[in-house]
Amino acid sequence: MPQLRPNTPPPPDYYRNNLLRVVEFVAHTYADLLNPRELLYLHSVTQVSRDAQRLLARLISRKGPRIREDRLNYTEVGCLQTQLQQLEQQGLIDRNPAAPADRLLMLCTKDELVAWFPGFARSSKAVLLGDIVTRYSDVQLHTRLSACLNWVSIRQAGMLDLLRLLYFGDSYRDLSAFVLEDLGLVRYEPYVIDRSNRQFDHRDDLDRYLTLRSARDLSHRLADFPQLAAEVTTQLLHQPCETRIEQRTRDRALNRLGHWHERLGELDSALACYAGSNTHPARERSVRILKKTGQVQRSECLQQQLIEAPRCAEEEDFAQRFGKRGGGVKPPITSVRLDCATPERIEDHAAQLLTANGGVALHLENNLPLSLTALAYWPVIFAEVPGAFTNPFQSAPVDLFWPDFARTRATLIAEQDRILADPLGFRRELTSTWQAKSDTANALMSWRAMSAEVLHTILHCIPHTILFSLVGHVIRNLPMARTGFPDLTVLYGPGQYEFVEVKGPTDQLQPAQRIWFKHLTRLGANGRVLKFQAQAR
DNA sequence: TCCAATGAGG
DNA sequence: TTCACACAATCGC
DNA sequence: GATTGTGTGTCTCCTCATTGGAAA
Ligand SMILES: [Mn+2]
Ligand SMILES: [Mn+2]
C-alpha cells in the first residue's frame with residue numbers, strides 16, 4: 001500500500017516515524033545485549049520533542065558529516081533553532097564542531113570563498129581551497145568561518161551505524177528503504193520475522209562481528225595504512241569465529257591480506273593468510289606461491305588435494321587446469337573478424353550480427369539463469385526456515401548463497417520439482433509467479449531484465465527440458481551459478497536458441513565462464529563463444 | 001552556454 | 001562492493 | 001596464443017536543482 005507520491009510532501013511525521021520504527025525494533029529485539037551507553041542513546045532519541053525527532057530524522061538522511069544550518073529548510077520542523085538546541089543538549093548533535101580546515105571550507109561554494117577570503121588568486125576551487133588552507137591554521141579558520149555560517153554534525157555516528165546494522169542486518173541500506181517501499185518501487189515478500197533466531201544471539205556475537213568487520217574494512221584500505229597489515233593479519237589469524245557469516249568475513253579479509261602480502265613479495269606471510277582461510281581462492285593462491293618458490297612437491301600435493309576434495313567448483317577447475325596449458329574442457333568457439341571500429345559495446349555489435357536474419361538477442365548475462373530460478377523456486381527461496389528471516393526488508397533468506405542452502409530445503413525443492421517437471425506446469429508456475437510477485441525484492445530476480453515479454457519469448461523458444469534442468473542446477477549450486485553465464489541469450493524460434501559469450505580481441509574466457517560452459521554442455525544446452533579478432537594488417 | 005557530477009527529495 | 005571487461009606483462013611451445 | 005595480474009567502470013529508483021568547470 002504505497003503511501004507516498006513522488007514530489008508530493010509526505011505527512012509531517014513520515015520520516016520521524018521511520019526513524020522510530022528502527023529504534024523500537026532494535027530496543028525490542030536487542031534490549032538484552034545493548035550496553036548502557038547504547039541504551040541511553042536510544043532513550044535520548046525517544047525523549048526529545050516531536051519536532052526535534054523530525055529534524056533528527058532529516059539530518060540522518062543528509063550526506064554529512066557536516067551540514068550547513070542554512071540548508072535545513074524543513075516545513076514540518078517548527079522553530080529550527082529550538083530543535084537544534086534540544087538535540088545538542090541531548091548529545092545527539094554537535095554545533096559548529098571543529099574539523100580539518102579543508103573539510104570546513106568544503107561547506108562553502110566557490111563564490112562564498114571568493115567573497116569571504118578576498119585577496120586570493122582566482123582559480124579553480126581546489127587550488128583556492130589549498131591556498132586558503134596554507135594561510136590559516138585549523139583553529140583560525142574555524143573562528144573565521146563561524147562568523148560566516150553555522151553547521152551541525154551528528155554526534156556518535158557509530159550509534160546510528162549500529163542501529164542500521166541491527167535493524168537491516170547489514171550496513172548497506174538506510175532509511176531510504178522505507179521511502180522506496182512506500183513509493184511502491186519495491187515490494188517485499190511478507191515473511192514473518194523469526195524472533196527466536198536473532199542475527200546476534202549474545203553480545204559476544206555482535207562484538208566479534210564488529211571486530212571482524214573493522215578488520216575487513218581495513219583489508220580494503222591497506223594502501224592507506226600499510227603499517228597495519230601485519231597487525232591485522234595476526235589479529236585475524238587468531239580471531240575465533242562461531243558463525244558462518246563470521247567465518248566468511250574472516251576468510252575474505254584473510255584472502256585480501258594474502259594478496260597484499262603477495263604483491264609485496266612477502267610470500268611466507270601470504271601463505272600464512274591463505275592457510276587460515278577456508279574460502280576460494282586461498283588454496284589456489286597457495287598452489288601458485290609454492291610452485292613459484294620452488295616447493296614443487298608441496299605445490300603438487302596441495303593441487304592433488306584440490307582435485308580429490310575441492311571445496312568449490314572454482315577450486316576443481318583450477319586444479320584440473322593449472323600447469324597444463326590448454327588443458328580442461330573448451331567450449332565451441334566461433335571466430336569473426338572485427339572489420340570496422342565499433343564505438344558501441346561489443347555485445348551489442350554481436351547481437352546485431354547474430355540476429356541479422358531474424359531472432360532476438362538479449363544481453364542478460366547472469367540474469368537469465370538467476371531470474372528464471374527466482375520465478376521457478378519462489379516458495380522455496382522464501383520458505384520460513386528457522387533463522388532464515390531475522391530482519392525487516394530482506395530480499396533473500398540469510399543463507400541463500402551458503403553451500404547447503406539446497407540441502408536445508410531438499411524436501412521443498414523436490415515438491416516444487418514435481419510441479420516444474422511438467423512442461424505446462426513449468427510455464428504456468430513461472431508466468432503466474434511473475435504476475436503475482438512483480439517488483440517484489442528477490443536477490444536472484446531482476447525485474448527490469450526479465451520483463452513479461454522477455455519471459456514469454458524465453459518460454460516459447462527454449463525447450464522445457466533445458467529450462468527445467470537449468471533452474472534445477474542453479475537452485476542446487478547457487479554459489480557457483482551466480483556468476484559467469486554467457487552474455488547473450490539468442491532466441492531464433494521454438495527449440496532454436498543459443499547462449500553466446502562475446503569476447504573482444506583482447507578478452508579471455510574467465511574461470512567462472514568456463515565452469516558455466518562445462519555445465520551447459522552437461523545439461524545439453526546450446527552454448528558457444530563468439531570471438532572477435534582484430535583486423536590483420 | 002553547456003555539461004557532468006553531486007546531492008536532496010519523494 | 002560486485003562482476004565482468006580492458007589491457008599489459010609474461011610464459012611456453 | 002595462453003596465462004596471469006592489475007586497473008577500471010557501473011551499480012543497487014527516478015527527477016530536479018545546484019555547482020563548478022570547460023567549451024564556445
Ligand atoms: Mn559480459
Ligand atoms: Mn563477454
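All chains are named by letter (A, B, ...) in the order of the sequence lines, taking the proteins before the strands, and each is independently numbered beginning at 1. Because the structure is predicted, anything quoted here is derived from the model rather than measured.
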Checklist line | Distance between P atoms of dC3(C) and dT12(D) (Å, rounded) | finding: 16 Å
Note to self: Please give the distance between the C1' atoms of dT10(D) and dA5(B) as a whole number of Å.
What the structure shows: 15 Å
Check: Please give, in whole Å, the distance from dC13(D) P to Y188(A) OH?
Finding: 9 Å
Margin query: Strictly below 4.0 Å: does K110(A) bring a side-chain N or O up to OP1 or OP2 of dG21(D)?
Written below: yes
Next item on the list: Establish, with yes or no, whether the OP1 or OP2 oxygen of dT15(D) is under 4.0 angstrom from a side-chain nitrogen or oxygen of R5(A).
Entry: no
Next item on the list: Sticking with atom P, work out how far dT6(B) lies from dC11(D), rounded to a whole angstrom.
Entry: 15 Å
Notebook entry, point to check: Quick one: is dA4(C) close enough that its OP1 or OP2 comes under 4.0 Å of any side-chain N or O from Q513(A)?
Noted result: no
Check: Atom NZ of K531(A) and atom C1' of dA6(C): how far apart are they, to the nearest Å?
Finding: 12 Å
Checklist line | R448(A), nearest nucleotide to its side chain (from dG21(D), dC13(D), dG10(B)) | finding: dC13(D)
Next item on the list: Examine the base of dC11(C) for any acceptor or donor lying under 3.5 Å from a partner atom in the side chain of R325(A), and report the outcome as yes or no.
Entry: yes
Note to self: Counting only Watson-Crick pairs (N1-N3 plus N6-O4 or O6-N4) and G-U wobbles (N1-O2, O6-N3), all under 3.5 Å, who is the partner of dT10(D)?
What the structure shows: none
Check: So, Q83(A) versus Y74(A): side-chain donor-acceptor pair below 3.5 Å or not?
Finding: no
Margin query: For dT3(D) and R321(A) - does any side-chain N or O of the residue sit under 4.0 Å from the phosphate oxygens OP1/OP2?
Written below: yes
Notebook entry, point to check: Touch check for E501(A), heavy atoms < 4.0 angstrom, all strands: base, sugar-phosphate only, or nothing?
Noted result: sugar-phosphate
Margin query: I want to verify a distance call: between dC5(C), dG5(D), dG10(B), whose nearest atom is closest to the R58(A) side chain?
Written below: dG10(B)
Checklist line | Under-4.0 Å salt bridge between R54(A) and E76(A) | finding: no
Check: Of all the nucleotides listed (dG7(D), dG9(B), dG5(D)), which has the minimum atom distance to the side chain of Y74(A)?
Finding: dG9(B)
Next item on the list: Pick the P atom in dG5(D) and in dG12(C), then give their distance to the nearest Å.
Entry: 13 Å
Item checked: Nucleotide dA5(B), atom P - distance to CE of M106(A) in whole Å -> 19 Å
Notebook entry, point to check: When you measure from the side chain of Q510(A), which nucleotide among dC5(C), dG10(B), dT1(C) comes out closest?
Noted result: dC5(C)
Check: Does a nitrogen or oxygen in the side chain of R345(A) sit under 4.0 Å from OP1 or OP2 of dC5(C)?
Finding: no
Note to self: OP1 or OP2 of dA8(B) versus the side-chain N and O atoms of K63(A): is any pair under 4.0 Å?
What the structure shows: no
Notebook entry, point to check: Whole Å only: how far is the NZ atom of K292(A) from the C1' atom of dT3(D)?
Noted result: 13 Å
Item checked: Rounded distance (Å) that lies between atom C1' of dG1(D) and atom CD of Q533(A) -> 10 Å
Next item on the list: Step through it carefully: locate the ring centre of H280(A), locate the ring centre of F318(A), and say whether they are under 6.0 Å apart.
Entry: no
Note to self: Classify T506(A) by what it touches in the nucleic acid, base, sugar-phosphate, or nothing, heavy-atom distance under 4.0 Å.
What the structure shows: base
Note to self: Under 4.0 Å, heavy atoms only, any strand: does F322(A) hit a base, just the sugar-phosphate, or nothing?
What the structure shows: sugar-phosphate
Next item on the list: Can you figure out which of dG10(B), dG7(D), dG5(D) approaches the side chain of R288(A) most closely?
Entry: dG5(D)
Margin query: With a 4.0 Å limit, can you tell me whether H259(A) has a side-chain N or O closer than that to the phosphate oxygens OP1/OP2 of dT6(D)?
Written below: yes
Note to self: Nearest to the T109(A) side chain among dC13(D), dG20(D), dA6(C), which nucleotide is it?
What the structure shows: dG20(D)
Next item on the list: Could you please spell out the steps behind the ring-ring contact (aromatic ring centres under 6.0 Å, His included) verdict for F382(A) and Y191(A)?
Entry: CA-CA 7 Å; F382(A) 285 103; Y191(A) 56 82; 7.0 Å; no
Notebook entry, point to check: When rounded to the nearest Å, what value does the distance between P atoms of dT2(C) and dT3(D) take?
Noted result: 26 Å
Next item on the list: Give the rounded distance in Å between these two atoms: CD of E181(A) and C1' of dT12(D).
Entry: 16 Å
Notebook entry, point to check: Heavy atoms under 4.0 Å, any strand shown: does Q508(A) hit a base, just sugar-phosphate, or nothing?
Noted result: base
Check: More 5' along DNA chain D: R285(A) or D111(A), using each one's nearest nucleotide?
Finding: R285(A)
Next item on the list: Using a strict 4.0 Å threshold on nitrogen-to-oxygen distance, state whether R164(A) and D161(A) make a salt bridge.
Entry: yes
Notebook entry, point to check: For the ring pair F499(A) and F517(A), is the centre-to-centre distance below 6.0 Å?
Noted result: no
Next item on the list: Looking at every strand, decide which applies to Y15(A) at a 4.0 Å heavy-atom threshold: base, sugar-phosphate, or nothing.
Entry: base
Check: Are a donor atom and an acceptor atom from the side chains of Q295(A) and T293(A) found within less than 3.5 Å of each other?
Finding: yes
Check: Salt-bridged, K518(A) to E316(A), with N to O below 4.0 Å?
Finding: no
Margin query: Distance check needed: dG1(D) P versus I333(A) CD1, whole Å only.
Written below: 12 Å
Next item on the list: Under 4.0 Å between any heavy atoms, over every strand shown, what does Y172(A) touch: base, sugar-phosphate, or nothing? Just pick one.
Entry: sugar-phosphate
Next item on the list: Identify which nucleotide among dC5(C), dG9(B), dG10(B) has an atom closest to any side-chain atom of R62(A), counting heavy atoms from C-beta outward.
Entry: dG9(B)
Check: Separation of R248(A) atom CZ from dT1(C) atom P, in whole Å?
Finding: 11 Å
Margin query: Please tell me if N366(A) has a side-chain N or O lying less than 4.0 Å from either OP1 or OP2 of dA4(C).
Written below: yes
Notebook entry, point to check: Across the strands shown, which category fits S176(A) at heavy-atom distances under 4.0 angstrom: base, sugar-phosphate, nothing?
Noted result: nothing
